[in-house]
Amino acid sequence: MTTHGSPDYRDSGLEFPDDFLLGSATASYQIEGAVAEDGRGPSIWDTFSHTPGSVVMGDTGDIADDHYHRLDEDLDMMKGLGLEAYRFSIAWPRIVPTGFGAINQAGIDFYSRLVDGLIARGIKPIATLYHWDLPQPLEDAGGWPNRDTAYRFAEYAAVIGQALGDRVETWTTLNEPWCSAYLGYGSGVHAPGRTNGADALAAVHHLNLAHGLALTELRKVVTNDPDFSVTLNLHVVRPGADNAGDAVRRIDALANRAFTGPMLRGEYPADLLADTVGITDWAFVLPGDLEAINQSIDVLGVNYYSTATVRPWDGVSPKQSADGHGRSVGSPWPGSEDVEFIAQSGPYTEMGWNIAPDGLEDLLVSLHEQFPAQPLMVTENGAAFPDVLEDGQVRDADRIDYLRRHFTAAHRAMERGVDLRGYQVWSLMDNFEWAYGYTKRFGIVYVDYETLERTVKDSGRWYAELVRTHRIPA
């Protein structure tokens with residue numbers, strides 16, 4: 001650990017380099033709305049959110065923040081905040097409504113207007129190809145456990161890459177494939193809501209393959225000189241007992257090395273294959289796959305919110321499952337049913353996640369040690385708190401404190417030699433928080449879901465000052 005600075009990570013005055021890219025992030029299904037307009041097809045999240053019992057309060061993304069109809073207003077808001085970059089995702093069902101075949105020009109036109117609007121306002125576009133809205137017809141054909149989905153994703157990447165490949169600053173293939181695979185097909189708390197460990201592991205591989213194939217297609221069609229990227233929600237796994245070493249190793253394999261292994265080393269970890277041999281024989285990994293997956297990337301996106309603490313389960317006492325991903329009938333940890341996630345000390349965000357800025361520093365340093373030549377970027381970090389709009393203001397001091405401490409952690413990692421290129425705060429505005437619906441607010445901009453009026457929170461003004469000065473405000 002660093003030997004200077006406040007032990008609670010509440011430093012101020014720390015400066016970031018001029019070329020350190022400061023922005024904010026969103027995802028298509030969480031903000032756009034207009035789910036049945038201008039040729040967009042249904043996604044697995046449309047289906048899932050309309051399935052009774054799947055989402056808190058029965059909320060859906062049908063309207064969300066209505067960003068689709070408020071594009072210029074939202075772009076002006078970003079400019080007002082001074083954002084240097086905006087990380088958004090493209091809805092696959094807007095571009096290729098059935099997942100393959102016919103292309104929807106109206107969808108391409110929307111994202112073209114978005115990218116042009118960003119550039120006109122001096123904001124660098126960071127485009128994510130997949131933030132979980134798989135076209136429903138592809139799920140009906142098997143979803144991510146089906147190898148064909150990876151090929152369809154590569155075709156979609158070629159289409160949108162051809163359309164926007166002269167203007168996008170950074171292309172990110174996938175956002176958090178861990179969630180897509182394990183929460184979508186293992187625990188079932190995310191769309192499509194399936195609960196099968198073998199399917200989850202097949203999905204892991206086909207998402208990895210989709211990443212590699214998409215990069216190959218993008219490189220064929222882009223005409224500017226963009227960065228190529230992927231964003232992973234790498235878990236900071238800590239031991240909760242003296243004998244927890246093997247539990248940490250198992251969860252690290254499933255959560256982290258299942259993706260960094262093939263993507264950055266061209267191999268699946270042998271211990272991951274051994275841990276899961278009772279679930280799958282990994283026969284879906286075909287000759288040539290690992291070479292296709294192992295593409296050089298310009299930046300590795302890192303999403304960080306909290307840590308996890310594990311230990312072996314004794315098989316007798318009630319099993320703790322405080323992994324931060326919600327209770328479910330299925331497990332997001334196939335092959336590790338004898339590992340328990342124990343409750344961690346607070347304070348917590350409204351998601352129930354522990355606030356641990358040291359975990360971000362540890363994660364960035366660990367990645368730098370494992371992959372010393374790989375530049376990194378924080379592509380999501382933020383917190384949900386019970387925000388209240390009073391007299392036109394949202395006084396979210398807890399969020400400011402959270403961000404200040406995590407920016408301090410990032411700065412300390414850079415002092416320790418980490419090549420960190422930027423930081424995208426989650427989220428630009430309050431939005432549809434997946435299975436939690438509209439009950440959790442992550443935004444630095446408040447959204448009134450009745451009127452859809454946007455109000456910049458105190459944290460938004462604090463962040464605007466950080467962006468303007470590249471210095472952590474007091």
Side-chain angles (χ1 to χ4, degrees), residues 14-28 30-32 64-68 70-90 110-128 131 164 167-172 175 226-227 229 231 299 301-304 376-383 394 396 399-400 402-404 406-407 410-411 420-431 441-447 453-473:
L14 300 178
E15 295 187 355
F16 292 91
D18 289 343
D19 60 354
F20 189 78
L21 196 60
L22 292 163
S24 193
T26 64
S28 50
Q30 293 184 271
I31 67 167
E32 285 179 1
D65 292 336
D66 198 33
H67 172 69
Y68 189 82
R70 297 166 184 259
L71 178 59
D72 288 330
E73 173 190 346
D74 289 341
L75 288 167
D76 288 343
M77 181 175 69
M78 295 177 216
K79 180 177 172 62
L81 291 168
L83 298 186
E84 298 170 346
Y86 174 54
R87 177 177 175 252
F88 61 96
S89 79
I90 295 165
F110 171 74
Y111 294 107
S112 188
R113 289 197 308 275
L114 168 58
V115 169
D116 287 346
L118 291 168
I119 294 169
R121 291 164 177 82
I123 303 169
K124 293 181 176 178
I126 301 175
T128 300
H131 200 134
L164 305 179
R167 288 163 284 167
V168 167
E169 183 88 8
T170 301
W171 289 99
T172 301
N175 177 80
D227 283 346
S229 177
T231 280
V299 64
V302 179
N303 290 0
Y304 174 80
L376 308 174
M377 181 181 289
V378 175
T379 39
E380 285 183 27
N381 172 250
V394 179
D396 58 337
R399 185 172 291 104
I400 293 172
Y402 180 99
L403 291 172
R404 174 185 177 187
H406 285 79
F407 269 98
H411 192 277
L420 188 66
R421 300 292 177 89
Y423 205 117
Q424 311 305 313
V425 168
W426 186 269
S427 175
L428 173 64
M429 50 188 165
D430 298 333
N431 54 50
R441 293 180 178 272
F442 276 89
I444 57 172
V445 174
Y446 184 92
V447 177
E453 183 178 355
R454 282 85 157 121
T455 302
V456 177
K457 302 177 187 179
D458 282 2
S459 61
R461 281 187 281 274
W462 179 90
Y463 187 50
E465 177 69 9
L466 193 160
V467 176
R468 186 181 68 81
T469 62
H470 276 231
R471 177 195 293 258
I472 299 177

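In this structure the side chain of I126 reaches within 4.5 angstrom of the side chain of T172, judged on heavy atoms. Between Q30 and T26 there is no side-chain heavy-atom pair separated by less than 4.5 Å.
Between R70 and D65, none of the side-chain N atoms (NZ, or NE/NH1/NH2) sits under 4.0 Å from a carboxylate O, so this pair counts as no salt bridge. The existence of a salt bridge linking K79 and D76 is excluded, since no basic side-chain nitrogen approaches an acidic carboxylate oxygen closer than 4.0 Å.
In E73, the CD atom is crowded: over 12 heavy atoms of neighbouring residues, nucleotides or ligands sit closer than 6.0 Å.
To the nearest 0.5 Å, the span separating CG on D430 from CZ on R454 amounts to 10.0 Å. Between the CZ atom in F110 and the CD1 atom in I90 there is a gap of 10.0 Å [rounded to 0.5 Å]. Between the OG atom in S459 and the CZ atom in R404 there is a gap of 14.5 Å [rounded to 0.5 Å]. To the nearest 0.5 angstrom, S24 atom OG is 8.5 Å from M78 atom CE. For the atom pair CD1 (I472) and NE2 (H406), the distance works out to 12.0 Å, reported to the nearest 0.5 Å. Separation of atoms CD (E15) and NE2 (H411) is listed at 7.5 Å; rounding is to 0.5 Å.
Closest heavy-atom contact between T170 and V168: O-CG1, 3.1 Å. Taking both residues in full, the closest heavy atoms of Q424 and L22 are given as OE1-C, 4.2 Å, listed atom of the first, atom of the second, then distance.
Using cut-offs of 30° and 60° for the angle between ring planes, the F407 and F16 rings count as perpendicular.
Exactly one residue among T128, N303, T231 makes a side chain to side chain donor-acceptor pair (under 3.5 Å) with N175. That residue is N303.
A donor and an acceptor atom, one from each side chain of R167 and S112, are located under 3.5 Å apart.
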